Amino acid sequence: MSATSPAAVVVLAAGEGTRMKSKTPKVLHEISGRSLVGHVVAAARELDPQHLVVVVGHASEQVTAHLSAGDAVRTAFQAEQNGTGHAVRMGLEELGGDVEGTVIVVCGDTPLLSGETLGALAATHAADANAVTVLSAEVPDSTGYGRIVRDSATGAVTEIVEHKDATDEQRAIREINSGVFAFDGRLLGDALGKVRTDNSQGEEYLTDVLSILREAGHRVGACVAGDHREILGINNRLQLAEARRLLNERLLERAMLAGVTVVDPASTLIDATVTYERDAVVHPGTQLLGTTHLAEDSEVGPNSRIEDTAVGTGARVDNSVTLSAEIGAGALVGPYAYLRPGTRLGAKAKAGTYVEMKNATIGEGTKVPHLSYVGDATIGDHTNIGAASVFVNYDGVAKHHTTIGSHCRTGSDNMFVAPVTVGDGVYTAAGSVITKDVPAGSLAVARGQQRNIEGWVARKRPGSAAAQAAQASSQETDGQS
């Protein structure tokens, strides 16, 4: 922990969010690879707090399960939503009561809030020796927001005035309250016990703590966020879409400054969990999702969905979909390929046009160029799989595995009926249905012999276009003889 690391961060995520008009709790709606509350938790973790607790209420089991799916997050249950002050009190009780040190309180629906801004809040709080420090922002239009009123001499916050209660002079103030605070933990615990509920909502307001502490002679300060958009809360689908756009722009900017070429940022989506190396290239219409990693000199897109996929150095993915796959250095994918979970392409391997792979390991330099399905298979190095091949892996009850060795040349329109093993250096004839193991170095031919029944069309399809064409061809041949 650093000198300004807080003793605790309390995330408020108990509300229902009815304006989302969704069966999904508001804080679990996702943008850029994380839930709304997931983004807030990730920002809070950047401060390296001693304790991190999320206060849950509405759909608490669902929210708690979501938070437990990744790094375990401690939760506190607010059975009845009796206001923000009550929620913070529930969070502190989960931590055993009063907390010594700085306590930062954030809202679970502010996905644009960065760890850097929270760090600046904590640093200001410590430097100014405040009892409370409000994260504020200067906005173009402050209508509807609580205004920050400061002492002109000291810069201390004297009050937060809600829009409906503000004078004309106060309504001209552009600095607003974000709802994010840093508190002295000991003073916070004491003040929460003095918060009253004699208001129109009958709730415990966290903002009342500010006046309680100020009246007790303690200093209340403010830290202005560098970008007012960071404090935006999400209450409906329009705001969700706007936050997604803003966050996507931020993430793409970070990638480009790190050395990634993004040809058309306006048509490119990237998740917060995506990683990359310099000189990777992203073409238009591409989605980079989940835990995807782009290695140096890799190139993806256009019009590709790359999810939870490791793209190796110098690899190329063109107009394709890859899900939970590994693409080796210098490998080629597409156009119009589909790599499903468990696919591992070796270095300089190829999954070509209209190729689908699932749970398949493809060796170095091996090519599956076009129109094929490879499922539940292992293929060695430097093998070529002919066009229109199908790995028949499912018998209607269970999946079975196919193994093909290195330096094989399989013919077009082959069926490999699993379980089956094809040895190294094998050739297979076009149109073969391989149902038995093939020893190394063999030629496998598994097809019926061709039989030509001459005159069949004339007898069985008399007068048809085919019969007329055959007759004309026969007459032409007779004329040349």
Side-chain angles (χ1 to χ4, degrees), residues 319-321 332-340 349-360 362 366-380 382-481:
N319 282 275
S320 296
V321 174
L332 300 175
V333 178
Y336 314 117
Y338 182 22
L339 304 189
R340 292 164 57 192
K350 180 177 182 179
T353 307
Y354 296 112
V355 168
E356 179 178 349
M357 293 182 174
K358 187 271 296 185
N359 193 29
I362 312 301
T366 287
K367 294 177 172 57
V368 185
H370 29 233
L371 300 166
S372 297
Y373 169 70
V374 181
D376 297 292
T378 300
I379 305 177
H382 305 292
T383 284
N384 189 86
I385 304 297
S389 293
V390 175
F391 286 59
V392 186
N393 57 334
Y394 184 48
D395 64 7
V397 177
K399 299 291 180 69
H400 301 280
H401 198 82
T402 295
T403 300
I404 295 182
S406 298
H407 298 282
C408 295
R409 299 291 181 268
T410 70
S412 295
D413 196 27
N414 276 193
M415 301 283 170
F416 298 95
V417 183
V420 69
T421 298
V422 176
D424 293 338
V426 163
Y427 280 61
T428 63
S432 291
V433 179
I434 306 299
T435 60
K436 298 178 181 179
D437 291 353
V438 182
S442 300
L443 168 65
V445 182
R447 61 190 184 199
Q449 290 187 337
Q450 183 171 322
R451 178 186 175 201
N452 297 334
I453 304 174
E454 296 188 12
W456 185 91
V457 173
R459 294 194 302 273
K460 297 296 185 179
R461 300 290 187 270
S464 67
Q468 294 172 17
Q471 183 179 10
S473 177
S474 177
Q475 291 172 349
E476 182 179 342
T477 301
D478 291 342
Q480 292 175 351
S481 61

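Everything numeric in this text was worked out from a predicted model, so none of it was measured.
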Checklist line | Qualifying side-chain hydrogen bond (donor to acceptor under 3.5 Å, both in side chains) pairs with a residue from residues 417-434, counting only residues at least two apart or across chains | finding: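 Only Asn414-Thr428 qualify under side-chain hydrogen bond (donor to acceptor under 3.5 Å, both in side chains).
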
Checklist line | NZ/Lys399: more than 12 non-hydrogen atoms of other groups inside 6.0 Å | finding: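 Yes.
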
Of all the heavy-atom pairs spanning [X] and [Y], show the shortest one and how long it is.
{"X": "Ala351", "Y": "Ala337", "answer": "O-CB, 3.8 Å"}
{"X": "Val426", "Y": "Gly441", "answer": "CG2-N, 3.9 Å"}
{"X": "Ser389", "Y": "Gly411", "answer": "OG-O, 3.7 Å"}
{"X": "Ser372", "Y": "Ala388", "answer": "OG-N, 3.4 Å"}

Calculate, to the nearest 0.5 Å, the distance between atoms [atom1] and [atom2] belonging to [X] and [Y] respectively.
{"X": "Gln468", "Y": "Arg461", "atom1": "CD", "atom2": "CZ", "answer": "14.5 Å"}
{"X": "Phe391", "Y": "Thr378", "atom1": "CZ", "atom2": "OG1", "answer": "10.0 Å"}
{"X": "His370", "Y": "Ser412", "atom1": "NE2", "atom2": "OG", "answer": "6.5 Å"}
{"X": "Cys408", "Y": "His382", "atom1": "SG", "atom2": "NE2", "answer": "12.5 Å"}
{"X": "Leu339", "Y": "Lys358", "atom1": "CG", "atom2": "NZ", "answer": "13.5 Å"}
{"X": "Ser464", "Y": "Gln471", "atom1": "OG", "atom2": "CD", "answer": "10.5 Å"}

Checklist line | Trace of the side-chain contact (heavy atoms from CB on, under 4.5 Å) decision for Val422 with Asp437 | finding: CA-CA 6 Å; Val422 176; Asp437 291 353; over 6 Å; no

Check: Do the non-hydrogen side-chain atoms of Thr402 and Ile434 ever get within less than 4.5 Å of each other?
Finding: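 No - every pair of side-chain heavy atoms lies 4.5 Å or more apart.
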
Next item on the list: Would you mind reporting whether Leu371 and Val355 have side-chain heavy atoms less than 4.5 Å apart?
Entry: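 Result no, sub-4.5 Å side-chain heavy-atom pair not found.
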
Next item on the list: Name all residues meeting the side chain to side chain contact (heavy atoms under 4.5 Å, CB included) criterion together with Thr366; count only those two or more places apart in sequence or in a different chain, and write none if there are none.
Entry: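 Counting only residues at least two positions away or on another chain, Thr366 forms a side chain to side chain contact (heavy atoms under 4.5 Å, CB included) with Ile362, Ile379, Thr383.
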
Check: For the side chain of His401 and the backbone of Asp376, is there at least one donor-acceptor N/O pair under 3.5 Å apart?
Finding: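 Flag set: sc His401 to bb Asp376 pair under 3.5 Å.
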
Cut-off 3.5 Å, no hydrogens considered: what does the side-chain donor-acceptor table look like for residues 445-454, sequence neighbours left out?
residue: Arg447; atom: NH1; partner: Ala430; partner atom: O; Å: 2.4
residue: Gln450; atom: NE2; partner: Asn452; partner atom: OD1; Å: 3.2

Note to self: The test is side-chain contact (heavy atoms from CB on, under 4.5 Å); show your working for Tyr373 and Asn393 and say whether it passes.
What the structure shows: CA-CA 10 Å; Tyr373 169 70; Asn393 57 334; 3.3 Å; yes

